Enquirer: 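Dropping a structure here in structure tokens format, bear with me for questions.
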Amino acid sequence: MRRRRAGGRTMVERASKFVLVVAGSVCFMLILYQYAGPGLSLGAPGGRAPPDDLDLFPTPDPHYEKKYYFPVRELERSLRFDMKGDDVIVFLHIQKTGGTTFGRHLVQNVRLEVPCDCRPGQKKCTCYRPNRRETWLFSRFSTGWSCGLHADWTELTNCVPGVLDRRDPAALRTPRKFYYITLLRDPVSRYLSEWRHVQRGATWKTSLHMCDGRTPTPEELPPCYEGTDWSGCTLQEFMDCPYNLANNRQVRMLADLSLVGCYNLSFIPEGKRAQLLLESAKKNLRGMAFFGLTEFQRKTQYLFERTFNLKFIRPFMQYNSTRAGGVEVDEDTIRRIEELNDLDMQLYDYAKDLFQQRYQYKRQLERREQRLRSREERLLHRAKEALPREDAEEPGRVPTEDYMSHIIEKW
């Protein structure tokens with residue numbers, strides 16, 4: 001009997017040790033997960049489902065190699081856009097960058113306290129502030145081409161304040177704050193898309209090209225074609241015109257043209273002119289409140305929402321099948337287009353790096369804040385779980401700040 005009892009006691013001790021080992025392992029894994037889990041991609045911190053909007057946006061590439069150095073102030077883009085105040089978003093719409101789709105997002109797809117009034121059959125929408133009949137958006141689909149068809153940076157910065165003063169004279173009492181935004185696109189794709197558009201009959205003849213208070217003379221900006229339009233032109237003809245404004249269009253439309261004598265090509269040497277235009281375009285792009293890239297629709301949506309603290313109702317869609325995508329060109333032609341758009345190629349390379357760094361910075365900052373919130377919530381949850389045990393130890397004590405009032409109530 002003693003041997004049996006000793007043997008049974010040994011089995012119980014072994015089983016107890018096994019249970020302790022298993023329980024210890026589970027506890028260790030739980031503790032490890034609490035510290036490492038928020039950084040893993042296995043699930044949301046604290047076992048909660050991630051917010052719906054985070055699922056829409058791609059994870060930043062951890063292997064992305066930065067080409068340019070940008071200080072933190074260039075990466076931070078969290079503006080206090082006051083729609084009820086005097087702030088205005090100004091959209092600089094460069095041809096064939098997806099600006100029409102983005103412009104429609106601004107008037108039809110932003111979740112607003114007072115949505116834009118877009119009526120069937122009308123080209124423009126009315127986008128008033130929630131507290132008064134005054135526009136907060138300067139764009140094609142809200143104010144029309146008030147500064148000229150596809151007005152550039154030089155035109156908009158000199159034109160927008162006056163146009164809005166005439167539209168809303170009551171706002172003259174306080175100065176407005178303008179937030180310029182734009183979209184950029186891969187230069188080769190954009191160039192091919194513009195050629196196809198011109199081939200179908202587009203001209204943009206009504207563009208003003210105002211600079212230093214005047215429009216360019218016919219000698220400064222000769223036409224590339226005779227007649228009403230350039231429909232049916234071949235790609236070779238399109239590339240051969242030395243006055244074609246499609247060449248380096250994105251740099252020209254973002255630069256301060258006053259620095260180079262506007263459209264007077266004899267004002268300064270060609271090499272110096274090109275360098276001044278490129279540096280001016282980079283500076284103005286950095287100074288803009290926001291810019292997006294056509295090739296990264298979801299990231300563009302994410303950065304706009306975080307910059308202006310505005311939310312879109314429906315997510316952006318990435319359409320890779322465009323008119324430019326259907327054009328078959330050989331390598332020699334692509335190299336020729338890149339040469340014609342050398343400044344645009346340099347600007348896009350710079351803009352793409354800044355865009356990716358801003359996206360990575362914002363996502364990392366957001367995830368860090370999310371981890372901190374999750375840890376605080378876990379600590380708060382544990383503190384609440386501990387409260388009943390403390391109450392049980394001191395049943396006569398009521399957890400209240402006003403202890404004297406509790407005594408008076410007992411009397």
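These figures come from a predicted structure and were not determined experimentally.
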Enquirer: Check whether the ring centres of Phe312 and Phe304 lie less than 6.0 Å apart, and answer yes or no.
Expert: yes
Enquirer: Val107 vs Leu137, test: side-chain contact (heavy atoms from CB on, under 4.5 Å). Steps then yes/no.
Expert: CA-CA 9 Å; Val107 297; Leu137 175 65; 3.7 Å; yes
Enquirer: Can you name the residues that form a side-chain contact (heavy atoms from CB on, under 4.5 Å) with Met210, not counting sequence neighbours?
Expert: Glu155, Leu208, Thr215
Enquirer: Just how far is it from atom CD of Glu295 to atom OG1 of Thr97, taken to the nearest 0.5 Å?
Expert: 10.0 Å
Enquirer: Taking Arg129 first and then Glu134, would you say they form a salt bridge - that is, a charged N and a carboxylate O separated by under 4.0 Å?
Expert: yes
Enquirer: Mind checking the CG-NZ spacing from Asp82 to Lys177? Nearest 0.5 Å is all I need.
Expert: 10.0 Å
Enquirer: For Tyr302 and Tyr359, take the angle between the two ring planes, folded into 0 to 90°, and tell me which bin it lands in: parallel under 30, tilted 30 to 60, perpendicular over 60.
Expert: perpendicular
Enquirer: Looking at Arg176 and Asp165, is any side-chain nitrogen of the basic one under 4.0 Å from a carboxylate oxygen of the acidic one?
Expert: yes
Enquirer: Any side-chain heavy atom of Gln356 sitting closer than 4.5 Å to one from Lys66?
Expert: no
Enquirer: Hydrogens and angles aside, do His381 and Glu377 bring a side-chain donor and acceptor to less than 3.5 Å of each other?
Expert: no
Enquirer: Please examine the side chains of Tyr180 and Ile89, heavy atoms only from C-beta on, and report whether any two atoms are closer than 4.5 Å.
Expert: no
Enquirer: How about Arg200 and His197: does a side-chain donor come under 3.5 Å of a side-chain acceptor?
Expert: yes
Enquirer: Does NZ or CZ of Arg249 fall inside the cone over Trp204's six-membered ring, less than 6.0 Å from its centre and within 45° of the axis?
Expert: yes
Enquirer: Kindly state each residue pair satisfying ring-ring contact (aromatic ring centres under 6.0 Å, His included) with at least one member in residues 258-278, sequence neighbours excluded.
Expert: His209-Tyr263
Enquirer: Check whether any side-chain heavy atom of Lys299 sits under 4.5 Å from a side-chain heavy atom of Leu293, and report yes or no.
Expert: no
Enquirer: Take a 6.0 Å sphere around CZ of Arg111 and say whether it holds more than 12 heavy atoms from other residues, nucleotides or ligands.
Expert: yes
Enquirer: Find out whether Val251 and Gln346 are in side-chain contact, i.e. whether some heavy atom of one side chain is under 4.5 Å from a heavy atom of the other.
Expert: no
Enquirer: Going from CG on Leu343 to CZ on Arg273, what distance comes out if it is rounded to the nearest 0.5 angstrom?
Expert: 10.0 Å
Enquirer: Between Asp86 and Arg132, is the closest basic N to carboxylate O distance under 4.0 Å?
Expert: yes
Enquirer: Using a 6.0 Å cut-off, check whether atom CD of Glu369 has over 12 heavy atoms from anything other than its own residue.
Expert: yes
Enquirer: Who pairs with Cys233 by disulfide (SG to SG under 2.5 Å), at least two apart in sequence or on another chain?
Expert: none
Enquirer: Would you please indicate yes or no on a ring centroid separation below 6.0 angstrom for Trp230 and Phe238?
Expert: yes
Enquirer: Evaluate whether the separation between SG of Cys125 and SG of Cys116 stays below 2.5 angstrom.
Expert: no
Enquirer: Would a 4.5 Å heavy-atom cut-off, applied to side chains only, mark Val198 and Thr203 as touching?
Expert: no
Enquirer: Quick one: are Thr59 and Gln360 in side-chain contact, heavy atoms under 4.5 Å?
Expert: no
Enquirer: Exactly one of Leu254, Thr307, Leu354 should register a side chain to side chain contact (heavy atoms under 4.5 Å, CB included) with Phe291. Which one does?
Expert: Leu354
Enquirer: Start with the C-alpha distance between Arg298 and Gln318, add both sets of side-chain angles, then the distance that settles side-chain contact (heavy atoms from CB on, under 4.5 Å), and finish with yes or no.
Expert: CA-CA 7 Å; Arg298 291 289 171 86; Gln318 187 72 53; over 6 Å; no
Enquirer: Applying side-chain contact (heavy atoms from CB on, under 4.5 Å), name anything that partners Leu276, two or more places apart in sequence or on another chain.
Expert: Val260, Ile268, Lys272
Enquirer: Taking only residues two or more places apart in sequence, or in another chain, which ones meet Cys147 in a side-chain contact (heavy atoms from CB on, under 4.5 Å)?
Expert: Phe138, Ala151, Leu156, Cys159, Val160, Val163
Enquirer: Could you check if a side-chain atom of Val88 sits within less than 4.5 angstrom of a side-chain atom of Trp136, using non-hydrogen atoms only?
Expert: no
Enquirer: With the side chain counted from C-beta on, respond yes when Ile181 and Leu106 share a heavy-atom pair under 4.5 Å apart, and no when they do not.
Expert: yes
Enquirer: So how far is it from Lys96 NZ to Trp195 CH2, rounded to the nearest 0.5 Å?
Expert: 13.0 Å
Enquirer: Inspect the surroundings of NZ in Lys123 and state if more than 12 heavy atoms from other residues, nucleotides or ligands are less than 6.0 Å away.
Expert: no
Enquirer: For Gln275 and Glu279, which I'm curious about, is there any donor-acceptor pair between the side chains at under 3.5 Å?
Expert: yes
Enquirer: Give a yes-or-no answer on whether the side chains of Tyr348 and Gln250 include a donor-acceptor pair shorter than 3.5 Å.
Expert: no
Enquirer: Could you tell me the separation between the CD atom of Glu305 and the CZ atom of Phe290, rounded to the nearest 0.5 Å?
Expert: 10.0 Å
Enquirer: Taking only residues two or more places apart in sequence, or in another chain, which ones meet Asp117 in a salt bridge (Lys or Arg N to Asp or Glu O under 4.0 Å)?
Expert: Arg119
Enquirer: Can you list the residues that meet the salt bridge (Lys or Arg N to Asp or Glu O under 4.0 Å) rule with Lys67, with sequence neighbours excluded?
Expert: Asp349
Enquirer: What salt bridge (charged side-chain N to carboxylate O under 4.0 Å, His left out) pairs are there with at least one residue in residues 217-246, not counting sequence neighbours?
Expert: Arg214-Glu220
Enquirer: What residues, two or more places apart in sequence or in another chain, satisfy salt bridge (Lys or Arg N to Asp or Glu O under 4.0 Å) together with Lys84?
Expert: Glu113
Enquirer: Only counting residues at least two apart or in another chain, list the ones meeting side-chain contact (heavy atoms from CB on, under 4.5 Å) with Met239.
Expert: Tyr191, Leu235, Gln236, Thr333, Arg336, Ile337, Leu340
Enquirer: About how many Å separate OH of Tyr225 and CG of Asn244, when rounded to the nearest 0.5 Å?
Expert: 10.5 Å
Enquirer: In chain order, what residues pass the ring-ring contact (aromatic ring centres under 6.0 Å, His included) check against Tyr350, with sequence neighbours excluded?
Expert: Tyr68, Phe70
Enquirer: Can you give me the closest heavy-atom contact between Leu184 and Ala351, atom names plus distance?
Expert: CD1-CB, 3.5 Å
Enquirer: Go through the steps to decide whether Lys124 and Phe141 satisfy the test side-chain contact (heavy atoms from CB on, under 4.5 Å), and finish with yes or no.
Expert: CA-CA 5 Å; Lys124 293 186 292 183; Phe141 292 118; over 6 Å; no
Enquirer: Sequence neighbours left out, what passes salt bridge (Lys or Arg N to Asp or Glu O under 4.0 Å) with Arg368? Give chain and number order.
Expert: none
Enquirer: State whether Arg306 and Glu366 are salt-bridged, where the test is any N-O pair (Lys NZ or Arg NE/NH1/NH2 against Asp/Glu carboxylate O) under 4.0 Å.
Expert: yes
Enquirer: Checking side-chain contact (heavy atoms from CB on, under 4.5 Å) for the pair Thr143/Arg167: CA distance, chi angles, key distance, verdict?
Expert: CA-CA 10 Å; Thr143 55; Arg167 286 173 58 96; 4.0 Å; yes
Enquirer: Name the residue from Val90, Asp152, Asn284, Leu92 that meets the side chain to side chain contact (heavy atoms under 4.5 Å, CB included) definition with Thr182.
Expert: Leu92
